[in-house]
Every structure is written in structure tokens, then in C-alpha cells.
Amino acid sequence: MNQRQFNQPLRHRDDEGAAAPAVHIAVDRGHSADKSAAIKIRARDVNVFYGDKQALFDVGLDVPERAVTALIGPSGCGKSTFLRCINRMNDTIPGCTVRGRIELDGEDVNDRSIDPVVLRARVGMVFQKPNPFPKTIFENVAYGPRIHGLATGKAELEAIVESSLKRAGLWAEVADRLHQPGTGLSGGQQQRLVIARAIAVSPEVILMDEPCSALDPIATAKIEELIDELRNQYCIVIVTHSMAQAARVSQKTAFFHLGKLVEAGPTGEIFTNPRDSRTQDYITGRFG
Amino acid sequence: MLTWVALLALVLFSGTTYVAARRKVSAAAGGSPRNMHSLPGYYGAYVALWAGAPAALLVLLAAMFGGRLEDALLRVQPPAAVAQLTPAEQQVFFDDVRATAHNLQASETSYEGPMQAALQAKTAQARQLEALIAYGSVAAAAVLALSGVFLALRRIRPDFRARNKVEGWVAGLFIVCSVTAILTTVGIVGSLVWESLRFFHAVPLQDFLLGREWDPQIAMRSDQYASKGAFGAVPLFAGTFLIMIIAMIVAAPIGLFSAIYLSEYAGGLSRAVVKPLLEILAGVPTVVYGFFAALTVGPIFRSGFHALGEALAGGPLNSLALYLMSVQNQMALVAGAVMGIMLIPFVSSLSDDIINSVPQALRDGSLAMGATRSETVKKVVLPAALPGIMAAMLLAVSRAVGETMIVTMAAGLQAKMTINPLDTVTTVTVQIVTLLTGDQEFDSPKTLAAFGLGLTLFVVTFLLNIIALRIVQKYREQYD
Amino acid sequence: MTDAALPTAQPSLRQTVEARLKRRHAEELRFRFYGRAAIIVALLFLAVLVGRIVAQGYTTFVDYQLSLPVYVDPARVQVDDLSGANYDLLIADQTLARLGEKDDELGTQSGKLMELISTDLGFQVLEKVKADHSLIGKTITITGPVRADGQLYYKGQMKRTTDESERKLDNQQLAWLDRLKAKGLVKGGFNFGFLTKSDSTEPEQAGVLGAIVGSAMMLLVTASLAIPVGVLAATYLEEFAPKGRWSDLIEVNINNLAAVPSIVYGLLGLAVFINWLGVPRSSPLVGGLVMALMALPTVIIATRSALKAVPPSIREAALGVGASRTQTVFHHVLPLAMPGVMTGAILSLAHALGETAPLLMIGMISFVPGVPQGFTGAATVLPVQVFIWENASERAFEERTAAAILVLLTFMIIMNMAAILLRRRFERRW
């Protein structure tokens, strides 16, 4: 399992200037034994500022294709901030600036030529609290295809909605009430509806920001099951508070602390053999 | 004057009793607050309240109702010469009695013989009664104050629960103040309904609500021509509606779009500049808008239409041209447009609040799907905010319907049923003002008609407000 | 696990999205433009409104005063009948002589000259002679305004180029005005009279002092009723009242009262205060009572939200050291809420200052020459003064109306600034 030759430390680039803060070396030990697995997202030297306050320091991380990558760490550590950099949701926060390079399939998402609209169509997102639109279940799922013009006719749209709901494991529960408000569903169902809404545009990446923190254990189990199934088709990045959840659903885990990426690597290895004492402390529950 | 002196004396007196009571209880407790149930000030306040409050209430009541009491007493036994007059003439007589008694301008009626004697007798009686009521009430108040102090001072001992008693007074005051709001509503509904009933006694309700002719010019004397008058309010409703629609056509899109821009697009700086400016626009008194409408917008619109008419004259649209050349300053369009300007900040700030209360999570959800901002606004935010925005519009409609000064100054007086915005129309509020600002006797149907119109206005705006406030409340609960 | 195995949807998604992108961004720009246009239009209206009123009104603050030596002719002014003399004619005749003109038998010329000189000068002569009989036979110098039409000419609002039949003053009168000015008898200056005089039927003598005092007296009544009652009512509802059907009813009632058209309050005042309680018509007292009822819901709403902003921990702390509920509220909660309460109160008073419609119902529309005599005397207030002047037919009242609006707006802006400063100065974030 130990793939040492993959663990090239990601250094702070020297060409960033002399004023750069003390070099922080994050250790990314890759994600699996298979060294040929493709990297979907490659982040280097990501610094994020909210006004004057720096939220992320020189984060570098590789996110593998068709796997689940979990971002863990105590609250306020910057894991959600990093997640929101990937689909540029931080653009919507006034005063937030992102520096560094985040590549999606080798293209910098912050590049001028990249339209956030296209980026966000390719990178779907699921939020902490289920946020179905105050529309019918059908309209919620059809939202993405409609705005992006993915369906040419009503039949095609219906087909997309049906297959998305099926893939989200919600079809059986809502097939007979597609035209009732999505807000009328239970919390777990709402979260799966939101996932269906995200996959209806067939994105390449799905970001999940603590998707189960507002849910009960049974609903959580269902979502985790769903994440495990979706892993075969998508690159999934999930932020979670629960280490157990990270251990259950992810193949790669990255540990953030105080805005820095402390350590990243195959999930099993991070949990059984952490290199950094902070990771050790966190996973053994000494802080968090 | 006497009232003020009496009140001032009461304040001084109860202040003295406050000090006295404090001293008394402190002495009884051996100077130590530890031996008392409450702080010394509460004992003082307890006695001062009994000294001042009932007496002050009595003085105020006497000041408020003394005149009515005097009037009623004067009429108890009218002299024979007066008793045979008609009620209206009696009213004039007694008004003159009061005027003479107070050395005010009396009516121009000349009194002779027994009538003059009666006037003099009653005038003397009125002066006596007035003095009796004034000094009597002050004397009674003095008795009340003294006995209040006497009883209260006897009760206070160090173990007396003075704080609880004073707080009881405070609680009473609280409830009286809260009930004022209810009393205002009762007063509005009561006075409108009462006067309207008298009006509907003279003019049947269905004639008022369904009649299509409005001509309240009733003659003062019954033998004059046109004494009947016409009180069909439909043309007024039509005029009010027309101006309201024009105002909303101006205010709704501008107000809504500025709210959208302010809440969804504007940065902190432009928000900080634009919002106070809009607040200024909202704070401008309506009489100023009226002046602006009457002396700026009206002439501009009229000369604009006249110029257009001249340009079209002789062409295929000659009849239209002639019409355009005849429009007047008092177009419905002018009053409506200016009222629309007045409503812009109202619509904008209400909609801004509503749009801001749409949870950010919904915007994030939509943006994360790759929607543009405008798509997010149009497809997620506005549908979510729709009930609230509808309510805001209803409140704006209610404001437009009840707005008075702009239409009084810029709309006309002709009651016409038309949907032509270039025509002159009149509104419910204009007619209320017109009916009540002339010199009329209060009981004629003409003045009472104003209350009939007022009641209609109140009912309509009340329903609009209740519906709108209900919707807003439901809407807020949904996202809280 | 190679790229070839990826779903082929990937490029097609991107292409489909990009194909429509241009149109969607154009739509976005258009939408944003609508928003910006709406704001600009709204602000433009504000600029036009204020600019137009300033343009109409600023000339009021310039005023042309005549200084004339007047010989109090013993032949025309008798000691035993001072008020019987025609001082306007006396002044006109002497001024005519000074201009080197002769009057005809009908007195046409002096009549025309009297149209240029305010009656204020005649009054001044009368007052002076009344005070000191020895002035008869002497020459006194008096200063007073040029009459309204003359003022318009000096200010360039009445032009010589206008056809003679279409202006109030004929060519000869304009020539006289020019000569009076050339002789140095007329001086322009700041119009203090506008701020120190009260309403008058003569535009050049009309000022806003009476209306300002009337407004102040009315607001005093309003403030001393609405603020204590409103604050106590809000405190009761927020801090003491049991939550239930009764408090819901009061809440709905207050919200509704805040939205009742103002004219309805005027009808209430007319029916209840004037006809039932016999409060004198047109008085600051009845105006203040009506305004207090109107301001009450606003004060209550503002106070409640200020009280809501005080965190419960303050109350718990005070109750915890043994204070009663009344003491907690009066010693701790209300003082902390006071800035918010005062801000709301000032704003509602500013609103009351500008309110007009209900005052028309209660007779404040009458002509009141002079400062109101007490709270029960007849009075007028600033916005009603605006309304009265707007209805006046003389053209010279137009600029005075606009100037009265400027005075009104100045007071409102001062009050709003006070509220904003208060909020900035004492605002507390918990």
C-alpha cells in the first residue's frame, strides 16, 4: 500500500517572490497504490484571503479522478474554503481573493479564459444544508439542464430528470410526486434531490460540503451509499467533520489545520499511520 | 390657564409629598434601608402618586369635557322664546351664547325682544357655569389630592410593600398606553362608521357605492336649485383606480429593479450611497411632490402634448391632434406619474428587505449549478420572493389609494369615468379634502359624504394592508 | 482506468454550455443594465425634484428694499385722526415728485406708483407717527420692500421684452423702477423678512416664521404624547405582555395603523377631537394630537425592534441579582435601547413635520397672519403653508412656495441627520 515514490513533497514555489511567508511543506502521499491513476484536479500554492485575513496558506493537493477525496480538519481550518476555490464559488464573496493555481484537467480554473458558468457546469456542488429551490421536484432537477440548454425537447428533459433521480436513489420515493414542491421532502431526501440536481448536468466533479451534517444517521447512511456508487463515474471531493465518514467513503484524505494542508494521502494510511503529530492528535480526538 | 396652574400646583404638591414620605419612612425605620421592605424612593413615589395622579386626571377630564358639560347644562331649560325655534336655530343661538360669554365673534344673527333677553340671561348663566365647573373641578381635585396623601401616608410603614404597589401603578400605566393603539383603531372605525351612518341615512348605500354621478353641490337653502345633489361615488373610485394604476406602472418596475440591483449586484459602496439617497426621496413630504406635479410636471406634459398635437395637426390624425392640443395641466397622467416617483423608494425598500430575506443558500445552489446572476435572480430568487413582493406591491397600492396631497394639488375636481390618462379625473381623497375644507355646516350630507368616502377608503386600505401583512408574515416564517 | 474510459459526455457538456454562453452573458448584461437604469432613473427624479425646487425658490432669499425719505405732511396727517390718513398715497405722491412726474386729476400716476411700493412702508409711517406725534411736519426715512411685481422685475423674472399687455407692470412702471434703482433708493440684499415675518396676503411681506413656530408647537405636542406613550406601550408589549391572542391582536392592529392613510387620521381628529371633545379647530393642540396618533405606531414599532436588539443575557443578569422585572426594564433594558428608540422617534417626528393631509381636515388651512398665540390659538404649519401658497394666484407666491419647501426640507434633513448621527454614535453590536 505504501507508495513512497509518489510522495514528492509539494513545495512553495520560490518564484512567488521574496516576500513569501516561511515555506510550509505539505505532504501529499498520493491516493492509491495505483500510480497510473489520473489526477483530475491539481492545486498548487493556493492562498485565500478574506479582506486582510488569510484563510488558506500555500495549499497544494492532487485530487484523483473517479475516487472520493475527503477533506478533514477542525472547523475553521479552511477545508470548505479550499473546496469553494475549485468551482470558484469564492468569487461570490465580496472581499475574497484567491491566489495560486488550481488545475482542472490541466487548465487553471482562475484563468481569464475560463468562464465560471462553464466551470460550475463541469464542477457540481452539494451544500451543507439541503437547499432545494422552492419549486417542484421535477423543476429542481431540470434546473441545470434547462439553463445550460442540455435537453432539446421535453422528452429528453424528462429522461434526464428520471435518470438523475435514479442515480441519486430517489426515483422510487418521488416518482409519483414529481410535481410537488421539493421543499416538502425530508432532510435526507432533500439532500439526495440536491445531488440529483447536481448530476443532472453530468458534471465531471462533484464537490460536497459536509453533506450529511444536517442529517440523521439513517439518511447519512443512504447518502454515503450513494457517494460510494457515484465514485465510479465522478471525481468527488467531500468536506466532512466526521472522521468515520471520511474513513468509510474516501480513498484519499487530506487533513487541514489552521488554513494549512498538513498531510494528505491514501485514506487508510492517513488514519493508520499519520506522519504529522497534528494529524495524529486530530484523528485520536485530542482536538477538533 | 387655570388648568395649567392647577396641574403645576399638583406637580409641586406631589413632589413635596414624595420628600415627606421618604422622611417619614426613613425615620420610622431608624434611618436604615435594611429595615424597610423597599427602597425609600418607592415609599415617596407611592404617596406622590396618590397625591398627584387622581387629582390630575380629574383636572384634565374637567378641561376636556367641561365645555360639553356646560353646553348640556345650558340647554336644560331653554327660555320659551328659544324653545320654539327649530333645532338648527337653537344651535345657532347656543353657539352665540358661548361666543358672547367668551367674548368671541358671534354669528350675525340679530336678537331682539325676548330673544335678546334670553341671550343675555343665558350668557350670564354660561359665565357662571364655566366658573363653577372650572373652580369646582379644581376644588374637587384639591380634596382628592389631600385625601389621597392622608390615606397613603397612613399606610406607609417600613414593612409596607411600597415597590410592589408602585410597580402596580406602572403596570397600569403600561396597559393604558398599550390600549391607546387599540383605542385609536376604535376611534377611527367608530367615528367613520357613526358619521357614515348619518350620511347613508340621507343617501342610500347602494346609490353611493353604485351611483355613477358625483355632484355634491348641495344648496344651503332647500328652495335653491340643485338642492338634491348626487352622491354616486363610482367616478371617484374609477379616478382613484386610474391614478393608482399609472403610479404603479411607474413605481413597480423602477422600484423592483432598483431593489434587485441594490441587493444582488451593487457593491458595499454604491449601496452606502444609493440607499440614503433613496431614503431622502422617501422622506420628501407629499406636499412637495404635489407642488412639483402642479407647477413642473403638469406644464411640461401639457406643453409636450400641445407640441405633439401641433406637429400632428392637419395630418391623418387630426382629431387626435386637436385633442392633444386641448389637454390640461390636471391630467391623471401627471398626478399618477408623480405619485409613482413618490412610491419608488417605498417599493424599493420593501422589495429590498424581501429579496434580502431569501436565503443565501438558494443563490449559492443556483450559482453552483452554473447559473448566471440574472438567471439566479429570475429563476430562483424572484420566484422565492414572489409572495413578499406581491405584498410589497399591495402595500404600495394601499399608499397610492390613500395618498392625498399629490392628487389634491395636481389632479382635478371633475368626477369623470374614463380610462384616458390624459383626461382630468378626481379621486376619493381629493373629494374628502374638497368637501371638508370649505365653510360648511357639519351636519349637511355634503360634509357627511366625506366620512362615507373616508370609510370606504379605510375599508379598502385596511383589507389591502391586512392581506399584505399576512403574506409578509407567512413569508418570513417560511425562511426564519 | 484510462482517459478513454471516461464518459463521452465530457466534451459535449462543455460544448453545449459554451454554445449558449454568449447569449446568456448578453442577457446578464441586459438585466444588470435594467437594474442600473432603474437606480439612475430614481436618482435622476430626486435630482430633478430638488434642483427644480431650488431653482424656483432661491430667488426668494434676495429681496429689494426701498429707502424713502417721507415728509409727514401736516396738511394730510391730522393728529386726531392718524389712522384716517392715506399713507400709501402720501408716499406715492412724494416719490412721484422725486421722479419728476406729475399726477393727473384722477390719480392714475400715483395709483400706478402705489403698485410698486409695498403697503408695509405706509404702515411703518403710521406706526412711527403714532408713537411720536412730533414727527408730523418732519421728514423721516423709512425702509420697506418693493412690491412683489417690482421684485419680479428686479430679479429678471418679469422681462421688458414680454409684450406689455401680458405683464402686470407697464413700460412706464418699469422705467420708474429703473430710475428708483439708479437713484440708489433701492437696494438688494438677503431677505431676512422671509424668515422673520408670518403669512400675509401681500407676497413681498409674507414669511414663514408663523409656520415654523406653528410646526414647532405642534411637534412639541406630538413628541410629548407619542414618545412616552409609544415607548411605554412598546415596552409593555415586548417585555411584559403575555404572548397570546391579545398581544397578537395588538400587534396586527399596530402594523395596520402604521399603514392607514393619513387623511383618515384627519377625519378621526375632526370627528373626535374637534366635534366631540371640543378641542379648538386649527390649533397646534389638535394638530399635535392627530399627529401623535399617527406617529404612535411608528414609535412603537421602532421601540420594539430596539428592545428586541438588547440581548436576553442583560435581562437575565439583572434578574439574577434580584432586580424586579420593572427595575430590570427601566434600569437596564430601556437605557440600552434608548439610542434606537430616539432614532425612531426623531424619524417619526420628521415624518409628522412633513405631513399635510390630516391637518387640512382639522382646519389648519386658514389664513393666520402672525405667530400662533398659544396651543389653542389658530396656527398654520410649514407644509400647510406650502399648500396655501401653492393655491395663491399671485405669481410672486410661486417662488415663496418653493422657498418654504426649502425651509421645510432643511428642517427635515436636520432631523434625519440627527437620527443618523445618533445611530452612528450610539449603535452597539452585541
Side-chain angles (χ1 to χ4, degrees), chain A residues 51 80 83-84 86-95 115-136 139-150 181-183 190-191 193-203 205-209 214, chain B residues 259-275 351-392 470-480:
Chain A
S80 289
L83 191 77
R84 292 167 67 95
I86 300 173
N87 65 344
R88 286 179 59 180
M89 277 302 278
N90 282 330
D91 289 11
T92 63
I93 300 171
D115 192 311
V117 169
V118 181
L119 175 70
R120 289 173 194 157
R122 291 169 65 197
V123 182
M125 187 166 187
V126 175
F127 295 83
Q128 188 170 355
K129 247 180 83 183
N131 58 353
F133 302 138
K135 296 169 181 281
T136 63
E139 285 300 324
N140 260 287
V141 182
Y143 184 74
R146 269 194 214 276
I147 57 172
H148 294 303
L150 301 184
T183 42
Q190 286 190 11
Q191 200 62 304
L193 173 64
V194 171
I195 294 175
R197 187 175 75 190
I199 56 186
V201 284
S202 324
V205 180
I206 301 176
L207 309 176
M208 297 188 176
D209 191 355
Chain B
I260 290 172
Y261 189 81
L262 282 176
S263 57
E264 302 291 326
Y265 287 102
L269 185 69
S270 50
R271 246 183 107 85
V273 173
V274 172
K275 285 207 92 175
S351 310
D352 194 17
D353 283 354
I354 297 287
I355 291 172
N356 274 328
S357 61
V358 172
Q360 187 61 29
L362 291 185
R363 289 186 191 86
D364 285 350
S366 171
L367 291 174
M369 296 291 300
T372 62
R373 274 195 185 273
S374 64
E375 285 163 351
T376 304
V377 171
K378 280 187 283 189
K379 297 192 170 141
V380 176
V381 177
L382 285 187
L386 193 64
I389 288 173
M390 288 308 297
R470 248 294 134 85
I471 297 174
V472 170
Q473 197 189 5
K474 283 255 153 84
Y475 171 79
R476 290 202 190 286
E477 279 166 7
Q478 184 190 341
Y479 290 121
D480 267 350

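Per chain, numbering begins at 1; letters A, B, ... match sequence-line order.
Proximity to chain B is absent for every atom of A/Pro130, based on heavy atoms less than 4.5 angstrom apart. The contact between A/Val123 and chain B is made entirely by backbone atoms, counting heavy-atom distances below 4.5 Å. Only the side chain of A/Phe127 comes within contact range of chain B, judged by heavy atoms closer than 4.5 Å.
Sorted by first then second residue, the salt bridge (Lys or Arg N to Asp or Glu O under 4.0 Å) pairs that include residues 368-387 of chain B, not counting sequence neighbours, are B/Glu375-C/Arg24, B/Lys378-C/Glu27.
At a heavy-atom cut-off of under 4.5 Å, chain A is reached by no residue from residues 261-273 of chain B. Residues of residues 359-368 of chain B lying under 4.5 angstrom from chain A, judged on non-hydrogen atoms, are B/Ala361, B/Leu362, B/Asp364, B/Gly365, B/Ser366, B/Leu367, B/Ala368 in numerical order.
Taking the side chain as every heavy atom from C-beta outward, B/Val358 and B/Val380 never approach each other to under 4.5 Å. Proximity of A/Arg120 to A/Asp91: side-chain heavy atoms (C-beta onward) are separated by under 4.5 Å at one or more points. In this structure, the side chains of A/Met125 and A/Ile86 stay at 4.5 Å or more apart for every pair of heavy atoms. Using a 4.5 Å heavy-atom threshold, the side chains of A/His148 and A/Val117 count as touching. Between A/Val201 and A/Pro145 there is a side-chain heavy-atom pair separated by less than 4.5 Å.
For the residue pair A/Gly182 and A/Gln190, the shortest heavy atom distance occurs at O-CG, 3.8 Å. The shortest non-hydrogen separation linking A/Val141 to A/Ala200 is O-CB, 3.4 Å. B/Asp352 and B/Ala259 get closest at one heavy-atom pair: N-CB, 3.7 Å.
Among residues two or more places apart in sequence or in another chain, the side chain to side chain contact (heavy atoms under 4.5 Å, CB included) test is passed with A/Ile93 by A/Tyr50, A/Arg84, A/Asn90, A/Cys96.
No donor-acceptor pair closer than 3.5 Å links the side chain of B/Tyr475 to the backbone N or O of B/Ala391.
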